[in-house]
There are 2 protein chains.
Amino acid sequence: MTQSFTRLLAARLDSLPARMQQAARWIAANPHEVALLSMREQARMAGVQPATMTRLAQALGYDGFEALRAEHAAALRHAPSGLARQADGRLPLCAESAEGQALEMLTQAQGQVAELCAGDMLASLGKAAELMIRARRVYILGRRSSHAVAWHLYYALSLVTERASLLDGIGGTGLDALWHAGAEDVLFVCGVAPYTRAVVEATLQAQARDIPIIALTDSRLSPLIAARGVGLIVPTHSASFLHAMTPAFLIADILAALVARADDPGTLARLEGLDRQLAALNTYISQPLEASK
Amino acid sequence: MTQSFTRLLAARLDSLPARMQQAARWIAANPHEVALLSMREQARMAGVQPATMTRLAQALGYDGFEALRAEHAAALRHAPSGLARQADGRLPLCAESAEGQALEMLTQAQGQVAELCAGDMLASLGKAAELMIRARRVYILGRRSSHAVAWHLYYALSLVTERASLLDGIGGTGLDALWHAGAEDVLFVCGVAPYTRAVVEATLQAQARDIPIIALTDSRLSPLIAARGVGLIVPTHSASFLHAMTPAFLIADILAALVARADDPGTLARLEGLDRQLAALNTYISQPLEASK
DNA sequence: CGCACTATGCATCATATGTTGATTTTATGC
DNA sequence: GCATAAAATCAACATATGATGCATAGTGCG
């Protein structure tokens with residue numbers, strides 16, 4: 001996006017003083033904001049003195065901060081339309097070359113993500129989030145290619161609540177934990193064709209015991225979808241040898257966010273505090289580490 | 001793009017005085033510039049007095065020109081996506097409602113996926129795949145929010161090759177396996193800010209031992225990027241409390257596909273056979289199971 | 001240990017910004 | 001044609017902005 005700045009930075013970051021690095025890192029992480037916020041606001045967000053911003057710009061060879069902003073503004077002017085295809089439209093878009101296949105998969109993923117907005121996905125997401133919010137416990141299940149999706153949802157939820165359980169086989173718990181579940185809980189299950197046998201069976205048993213089920217799957221006809229609960233249907237076609245799990249992953253991510261926003265706001269605030277703390281700690285840590293290489 | 005302003009304008013343009021119309025027309029024609037130029041410059045370009053700009057904003061119900069600029073800045077921030085927005089432009093696109101936040105995250109993800117095609121991503125993907133193909137072993141590392149990405153890559157690779165090792169802490173192996181790695185191997189590491197300390201340290205040690213490193217991370221300045229190897233930069237901004245990992249997930253998925261296609265074609269064929277077999281088995285299974293509910 | 005040097009924080013400066021009140025011009029109705 | 005109101009220009013204001021000089025704290029070197 002901001003070619004010149006990022007390149008300059010990558011080359012000379014190490015030789016910059018600490019606070020300038022801190023400022024530079026913030027800018028690198030929020031390039032959009034450079035042209036949209038005042039320098040002082042950016043300084044505040046980066047946790048740096050206003051003067052440091054000016055000096056950073058000058059240290060990189062700009063006349064001043066205004067010059068830096070001008071560059072980023074120019075990037076912002078030209079960027080917005082930047083739908084990637086046109087830039088690389090010459091590529092064959094086929095499996096002939098590695099780049100071709102990569103581009104095809106990227107393009108396909110883009111289309112699949114766009115599809116997600118259609119239909120009743122938004123409403124279903126809302127309903128699913130509602131179920132999870134009201135549930136006593138949230139059991140999460142996903143095997144094979146769906147494991148990453150399940151794990152991500154579990155990880156995200158576990159940051160804001162202790163009501164989540166991952167039904168993986170590690171450590172001996174496995175599916176057994178489901179026996180404690182009841183109608184006040186909810187089972188989130190992710191699975192795509194070919195459905196893993198154990199997952200299907202567990203889901204059907206849960207269904208028989210009136211546990212509401214949120215099914216993230218690839219078809220309305222999926223065996224995972226239950227009458228009591230919500231079905232979240234995502235596309236899985238892929239130019240790869242595996243089914244595309246990116247849409248499912250994204251939906252799980254959104255689900256976690258929706259649950260988090262409705263959960264105890266204090267929890268979320270604490271989390272943000274932790275995040276900031278970790279971020280601050282990191283910039284502190286990465287210095288000596290980078291230097292010691 | 002600037003929903004509210006354009007809408008207001010369409011409704012009340014005719015009832016505005018001449019110079020205000022002149023100003024409004026210029027803004028309507030150059031909406032990008034509203035947030036990027038100072039009000040006085042815009043006034044000059046529109047051939048209008050500075051005061052007219054302020055009064056136009058107020059006439060439309062804004063507090064002042066700054067409020068108008070804020071709206072356009074927000075639009076610019078979310079700009080790269082835009083496709084999904086038009087489909088559901090009625091929704092507030094803010095964290096007010098659950099649906100609003102879901103839509104915002106979907107929109108954002110769409111833009112981020114589109115961004116991935118830009119720059120040198122395709123070339124870097126090719127290089128990374130090449131490294132992994134030639135490597136004796138592929139070590140895969142990712143903790144916390146990056147774990148799902150690492151796991152997915154490991155799972156996909158393990159379907160087509162036995163050369164992959166996941167460096168997770170489960171079962172006691174942990175990072176120790178890295179000690180067997182050398183310059184003929186490759187380390188795939190995924191991590192976003194705030195970088196997990198153990199991951200950074202392991203990466204730096206690997207770097208010191210000349211192990212090529214494929215770093216899937218969020219910035220060119222990430223401590224995970226090594227001189228020897230490839231950096232894959234993905235956007236991670238999110239409207240959620242967690243960083244967006246969907247782009248990283250997609251890149252890992254593509255990487256696995258690229259490695260698979262170059263690997264022994266026989267393996268792939270076998271895999272497809274297995275897949276079909278499982279699918280056939282499943283449809284057989286799911287029938288009686290669904291009937292038995 | 002002391003020196004020189006740099007980096008950082010603080011206070012200040014000149015300036016440009018968005019806004020508002022006053023004044024002049026233009027349009028409109030009687 | 002005149003009186004009134006609306007609109008546009010002008011001028012001035014308070015303020016926030018980016019830049020800079022200076023003093024202090026920190027660091028590396030002899």
Side-chain angles (χ1 to χ4, degrees), chain A residues 2 5 8-9 12-27 30-31 33-74 76 280 283-292, chain B residues 2 5 9 12-27 30-31 33-74 76:
Chain A
T2 48
F5 173 79
L8 273 172
L9 204 54
R12 310 196 24 205
L13 181 70
D14 296 328
S15 62
L16 286 175
R19 305 255 86 128
M20 284 196 191
Q21 282 195 31
Q22 190 176 334
R25 283 177 203 281
W26 187 90
I27 291 183
N30 308 68
E33 307 298 328
V34 174
L36 299 178
L37 265 45
S38 86
M39 185 206 71
R40 288 176 119 97
E41 277 182 273
Q42 296 175 53
R44 205 171 324 120
M45 289 189 167
V48 162
Q49 296 271 345
T52 306
M53 291 301 222
T54 297
R55 288 173 177 143
L56 169 64
Q58 291 169 341
L60 291 176
Y62 295 88
D63 264 11
F65 191 87
E66 285 299 336
L68 217 180
R69 145 172 299 158
E71 180 181 305
H72 283 254
L76 215 50
T283 58
Y284 172 71
I285 285 180
S286 67
Q287 241 54 16
L289 282 180
E290 274 193 317
S292 74
Chain B
T2 49
F5 173 78
L9 204 55
R12 310 196 24 203
L13 181 68
D14 298 328
S15 63
L16 287 174
R19 306 253 86 132
M20 282 197 192
Q21 281 194 33
Q22 189 177 335
R25 282 177 205 283
W26 186 89
I27 291 183
N30 308 69
E33 306 300 326
V34 174
L36 299 176
L37 267 44
S38 86
M39 186 206 73
R40 288 175 120 99
E41 277 181 272
Q42 297 176 51
R44 205 171 324 119
M45 289 188 168
V48 162
Q49 295 274 344
T52 307
M53 293 301 232
T54 296
R55 291 178 174 134
L56 168 65
Q58 291 170 337
L60 290 176
Y62 295 88
D63 261 12
F65 191 86
E66 284 299 337
L68 217 180
R69 145 172 298 156
E71 180 180 307
H72 284 254
L76 214 51

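Atom P of nucleotide D:dA7 and atom CE of B:M20 are separated by 7 Å, given to the nearest angstrom. Rounded to an integer number of Å, the gap from CG of A:L56 to P of C:dA7 is 12 Å. Here C:dA16 presents its P atom at 16 Å from CZ of A:R40, a figure rounded to the nearest Å. Counting to the nearest Å, the C1' atom of D:dC22 and the CD atom of A:Q49 are 14 Å from each other. We find that CD of A:Q21 is positioned 9 Å from P of C:dT8, with the value rounded to whole Å.
Taking the nucleotide of DNA chain C with the nearest heavy atom to each of A:T52 and B:A51, the more 5' of the two is matched to A:T52.
Set against D:dG18, D:dA7, C:dA7, the side chain of A:F65 has D:dG18 as its closest nucleotide. Listed candidates were D:dT9, D:dG18, C:dT19. Nearest to the side chain of B:R55 is D:dT9. Of the candidates D:dT20, D:dG18, C:dG18, C:dG18 carries the atom nearest the B:E66 side chain, counting heavy atoms from C-beta on. Among the nucleotides C:dT19, D:dA8, D:dT20, the one closest to the side chain of B:A18 is D:dA8. Closest to the side chain of A:R69, out of D:dT20, D:dG18, C:dT17, is D:dG18.
Within 4.0 Å of B:R19, counting heavy atoms only, lie sugar-phosphate atoms of the nucleic acid but no base atom. If you check every strand for non-hydrogen atoms under 4.0 Å, B:Q58 touches sugar and phosphate atoms only.
No side-chain heavy atom of A:F65 sits under 4.5 Å from any side-chain heavy atom of A:Q58.
We find the CZ-CD distance between A:R19 and A:Q49 to be 9.0 Å, quoted to the nearest 0.5 Å. The distance from the CG atom of A:L16 to the OG1 atom of A:T52 is 11.5 Å, given to the nearest 0.5 Å.
For A:T54, no side-chain nitrogen or oxygen approaches OP1 or OP2 of D:dG18 to under 4.0 Å.
Ion pairing of B:E41 with B:R44 is absent here, as no side-chain N (NZ or NE/NH1/NH2) approaches a carboxylate O to less than 4.0 Å.
When all heavy atoms are compared, the tightest approach of B:H72 to B:I27 is CE1-CG2, 4.3 Å.
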